[in-house]
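Take a look at the structure below.
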Amino acid sequence: MDNAIIFFADRIQINSQNDLNNYNHSNNHQHPNAQTPTVLSGSAEYHRRSMILRDTALESVREAVADRIESTSSDIIQALNLKRKTISADKLESSPIYTRFHGISIKSQTLLSLLANRSYLLYVQSTSNSTSSTTTTTAYPIEAIAQKDTGTNTNTSSFQSVNIPHHMDHIAPSGDPYASMWKLCRNAYVRCRTNLLHNSVRNHLDFLCQKHGLVGMTRLAGVFLARLCTVETSLYMEFFGHNSSNHNHSHKRNNIGKNNKTNKKDDNDDDDNDDDDDGDKDDEKQNKPHPSTIKQSSKSTSTSTPSFKSNNKTMAYNDAEFQSFLDTLCSNLHRTIRRGVVNVLDLDTLCRIVGVLREERVIAGATPITSAAARADSNVIADVQERLIFRANTELDQEVVRFRPSEQDVNYPDRLRQTQQEQSQQQQSNTTDKKDEDTTENLVLKAYGSWYPPMRAILRVLSKMFRIVDPGVFEDIALHSVQSCTTSLQKAASTIALKSGKLHADLFLVRNLLILREQLSPFDIQLRSLERQLDFSDAGKAVSRFLANHNRRLFSMSTENALVALLREGVSVKDSPVDSTKLEDALRSSCNDFIEGAAISLAGPILAFVDQCKSVTSSGSSSTATSRTGSQTESNSSVVLAKEVTAQFSRAVDRLEPGIGEILTNMKLYMENAATRGILFKPIMRKIFRALEDSKNFINGFAANIKDKKDIESGWNNEDTVTTIFNHIQEIETKLKEAFLMLSK
C-alpha cells in the first residue's frame, strides 16, 4: 500500500507538471490572469483508494491490538472482581493478569513490529528527500514521505539498532500514521496494566507493613518492586519488542522480488495470457528464492541481530510512558512508608529505614529494568530524612536547650567518685575472660553514663544521623547543638561552683568540653556556617539625606521613590560567619581559670608576695621627684620586711604538699588520661616557677640595697634569712617536679 501511494503520488506530480507545461506553451498569448485548469487523472483516484486501504489496515491493527488489550483487561477485571478484591503477591504472576496478556502478545507483537518498521522506513525516506536537491514537493505531503521499498540491507540493519520508543515519540514525523497507531496501542496497554495492578500492589505493601513493621516492610517491598519491574518489562517486550522473525521474512521477500525482477523478465509478460492455474504456478516460481539472494539475506540478518539485542535491554527504559507507568506502581511504596513514618518517634527506626532504602536503591539502580524502583526509593529516602531531621531537632531542643539539671546531675565530685567505686568493684569481682569482656563493656557504659546529660544527648543524636543525612544538614545541626551544649555546661559549672567550689566547677567544665571536642573529631566536620543579619549602621546617614531632600518623591511608582531609597541605603544584609570558636573559647577560658585557681591554691602566699612587690615598685616609679635620688629601693625594702616574707614562704611550703595531693586527686578523678593531666599541670608549674624566679630577683635586690644602706629594721641584712627563703624556694620547686612525675604515671 505504501508503494502504491508513493507510485501514484509521483504519477500525479509528473502528469500535473507535464499538463501545466503544455497549457502554458499553447496559451502564451492569452490573458495573464487566466486560471490554470484543474488536472485530473486516473492516478489521483488510485492514490485515494490506496490511502483508504492503508487507513482500513491501520483500523484493523487498532482493533487487533488496542481494542483487544482493553477488552482483555475488562474481562480480567470482571472475572477476578478486581474493583472489590485484590490478588496476593504470591499468586500475581500465575493469575490471568499475566497469563491472558501472554496469550495475546504474539500477534500483537507481529503487528506492532510491522508498524515500527514502516514508521522507520518513512522516516528514512523523509530524511533522504529533505537532503536531496532534486526533490520536488508533491500535493500529498504526508504520503510523500512514505518509504520506497528498495529491499536493501542498510535499512534493515539500521532499523534493528534503532530505539523504537524514542523514535515514535520524538523522531517520527508528526503526520506519520504508523507512529500514531503505535503510540495509541502503547498508551492503551499502559492504561490497562495500571488498572489491573495498582490496587493489588498497594494492598500488598500495606499487608507487609502490618505484618513486618516499617523496617521489615522496606526490605521486602524493595525486593517485591524490583521483581514487579522485571516482570512488567518482560511483558512489555513481548508486546512492543522487535519481532525479528517477521522482519527477516519481509526482508527476504523483498530481496527475492528484486532478484526475480532482474533475472525473470519473461514471467511478467506471460501473466496476462495464462489462466488462473498457470498464474498461480508462475507466482510460486517467482517467489522461489535465488541461492545467492538467500545467502546474502541470511548474512545480513546474522550481522544485524546483535545490535538489536543490545538495544533491546534499554528499550523499555527509554519509553517515557512505560516508565511513568512503573513509577505509578512503585509510588505506592512512598505512600505506605510516609503514612507509617509520620507516627515514628524513634531515631534508630528512622535511621534503619534510610539505611535499608539506600541498599535497595543501589541494587535497583544497577540495571535499567528496575530503575523505577530506584527512583521510588530516592523519593522515600528524602521524606524519611526530612522526618529524621525534624525528630532530631525536637529531641535536641528538649534535652539540650530546655534542659533543667537535677541535684544528681550536678552532684560533682560525688557522682564521679561513685562511678569510680563501681568500676573498681566490677574489676575485682570478675576473673574469667568472658566476664572480662562484659566488664569492659560495662565500664564503657558507666563512663558514658557519667557524662553530662545534654552532652550525651547531642553525641547520641549526631552519631545516629552521621552519614544518614546530607553533610551540609548534618553540619548545621551539629553547630547549633554544640553551641547549646556549651551554654548548658557553663550554667551547670556555675551551679557546681556554688555547691562544691571553683576548683570542681573548672574541672567539670574542662572534662566535659574535652570529651565533647574529642567525640566530635571522628565526624570530620567543620562547625562553620553563615548567619545573615540586618545592618543598620548607615541608617542615620540615610535618614539625614532623606530629611534634607526637599524634592523627594514619596508616591512615585519607581526605584526613585524616596522611601525605597531610604530602605535601600539605610538597611543592608550582612553575612557573619558562625564557627566553633564558642566551644574553643569556653575550653580555653575554663583551662585558664583552673590554672589560675590551682596556682593560687598551691602557692598563694608566694603569688601575693610577688604582686605586693610589683605594686610597691609601680607605685614608687610613679611617685614624685624623690625617686630621682635613689631612695626608691630603700623605701621599698623598708615596706617589704624580711620577717614577713619568710613567714609567707614558710606557709607556702606547709600548704604545698596537701594542696598538691588534693589537686592531683581531683585531676585523676575528672581526667582518666595521664597525658591530659600532664598537659594541664604544666602551665601551673610554669606560673609558680615564674613567681619563684621573680621572688628571687626581688629578694636579691632588697638584700643588696639594704647592705649598702645599713638598714637593720627591714631585716634584709641578715644572710640567714635570705638563705632560709631560698631554701623554701628550692623545696617548692622540688615538690612540684615530683608531683608532675606522679601525675604523668
Side-chain angles (χ1 to χ4, degrees), residues 1-2 54 57-73 75-76 93 96-123 147 155-169 172 176-194 196-197 229-254 301 304-323 325-326 368-369:
M1 289 182 293
D2 288 332
R54 187 184 65 181
L58 290 176
E59 183 67 19
S60 300
V61 172
R62 184 186 66 80
E63 294 177 356
V65 180
D67 292 351
R68 190 174 184 184
I69 290 174
E70 292 180 352
S71 62
T72 302
S73 176
D75 294 342
I76 295 173
E93 293 186 32
I97 295 178
Y98 285 97
T99 57
R100 292 286 300 275
F101 271 75
H102 286 307
I104 64 173
S105 62
I106 299 177
K107 182 178 179 181
S108 299
Q109 185 189 41
T110 303
L111 296 175
L112 291 171
S113 297
L114 180 61
L115 294 178
N117 185 12
R118 305 310 300 175
S119 176
Y120 176 72
L121 294 178
L122 283 178
Y123 164 72
Q147 191 265 351
N155 289 341
T156 302
S157 178
S158 300
F159 171 70
Q160 290 188 4
S161 61
V162 75
N163 187 338
I164 296 177
H166 181 73
H167 170 80
M168 294 298 183
D169 292 330
D176 185 358
Y178 301 108
S180 300
M181 183 57 62
W182 190 93
K183 289 187 288 186
L184 185 147
C185 297
R186 188 269 316 275
N187 294 339
Y189 173 84
V190 169
R191 182 173 60 254
C192 293
R193 296 302 299 174
T194 303
L196 291 173
L197 292 172
C229 292
T230 303
V231 174
E232 282 299 316
T233 302
S234 176
L235 183 61
Y236 170 87
M237 294 305 302
E238 290 184 14
F239 277 84
F240 300 94
H242 180 72
N243 190 349
S244 58
S245 61
N246 177 71
H247 181 77
N248 292 338
H249 175 72
S250 61
H251 174 61
K252 186 185 298 184
R253 184 182 58 190
N254 291 335
T301 305
S304 59
T305 301
S307 63
F308 167 72
K309 288 183 178 180
S310 61
N311 177 65
N312 222 14
K313 297 180 180 179
T314 58
M315 177 179 174
Y317 176 75
N318 294 317
D319 192 340
E321 289 294 330
F322 180 71
Q323 290 299 316
F325 154 67
L326 293 180
I369 295 176

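The model shown is predicted, which means the values in this text are computed figures rather than measured ones.
Separating the SG atom in Cys192 from the CZ atom in Phe325 is a distance of 10.5 Å, to the nearest 0.5 Å. Note that the CD1 atom of Ile76 and the OG atom of Ser71 stand 9.5 Å from one another [nearest 0.5 Å]. Rounding to the nearest 0.5 Å gives a distance of 11.0 Å between CG of Leu114 and OG of Ser119.
Checked for salt-bridge contact, Glu321 and Arg186 miss the test: no charged N lies under 4.0 Å from a carboxylate O.
Taking 4.5 Å as the limit, some side-chain heavy atom of Arg193 sits within range of a side-chain heavy atom of Phe101. Counting heavy atoms from C-beta outward, Trp182 and Leu112 have side chains that approach closer than 4.5 Å. Put simply, the side chain of Asp176 does not reach to within 4.5 Å of the side chain of Tyr120, judged on heavy atoms. Contact check for Leu196 versus Ser73: side-chain heavy atoms found under the 4.5 Å cut-off.
Partners of Val61 according to the side-chain contact (heavy atoms from CB on, under 4.5 Å) rule, which considers only residues two or more places apart in sequence or in another chain, are Val65, Leu111, Leu115, Met181. When the side-chain hydrogen bond (donor to acceptor under 3.5 Å, both in side chains) test is applied to Ser105, the partners found at least two apart in sequence or on another chain are Glu238. Shown here are the salt bridge (Lys or Arg N to Asp or Glu O under 4.0 Å) partners of Glu59, two or more places apart in sequence or in another chain: Arg62.
Distance alone, capped at 3.5 Å, places no donor-acceptor pair between the Ser234 side chain and the Thr230 backbone. The backbone N or O of Ser113 lies less than 3.5 Å from no partner atom in the side chain of Asn117, so there is not a single donor-acceptor pair.
Taking each heavy atom of Ala188 and Ala66 in turn, the nearest pair found is CB-CB, 4.2 Å. For the residue pair Ala316 and Thr233, the shortest heavy atom distance occurs at CB-CG2, 3.6 Å.
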Residue pair Phe322, Leu326: steps toward the side chain to side chain contact (heavy atoms under 4.5 Å, CB included) verdict: CA-CA 6 Å; Phe322 180 71; Leu326 293 180; 3.6 Å; yes

Verdict with supporting geometry, Tyr178 and Leu121, side chain to side chain contact (heavy atoms under 4.5 Å, CB included): CA-CA 10 Å; Tyr178 301 108; Leu121 294 178; over 6 Å; no

Phe240/Asp319 under side chain to side chain contact (heavy atoms under 4.5 Å, CB included): CA gap, chis, key distance, verdict: CA-CA 10 Å; Phe240 300 94; Asp319 192 340; 5.9 Å; no

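Ring geometry for Phe239 against Tyr189 counts as tilted: the plane angle lies between 30° and 60°, on a 0 to 90° scale.
Met237 pairs in a side-chain contact (heavy atoms from CB on, under 4.5 Å) with only one of the listed residues (Met315, Glu232, Gln109), which is Met315.
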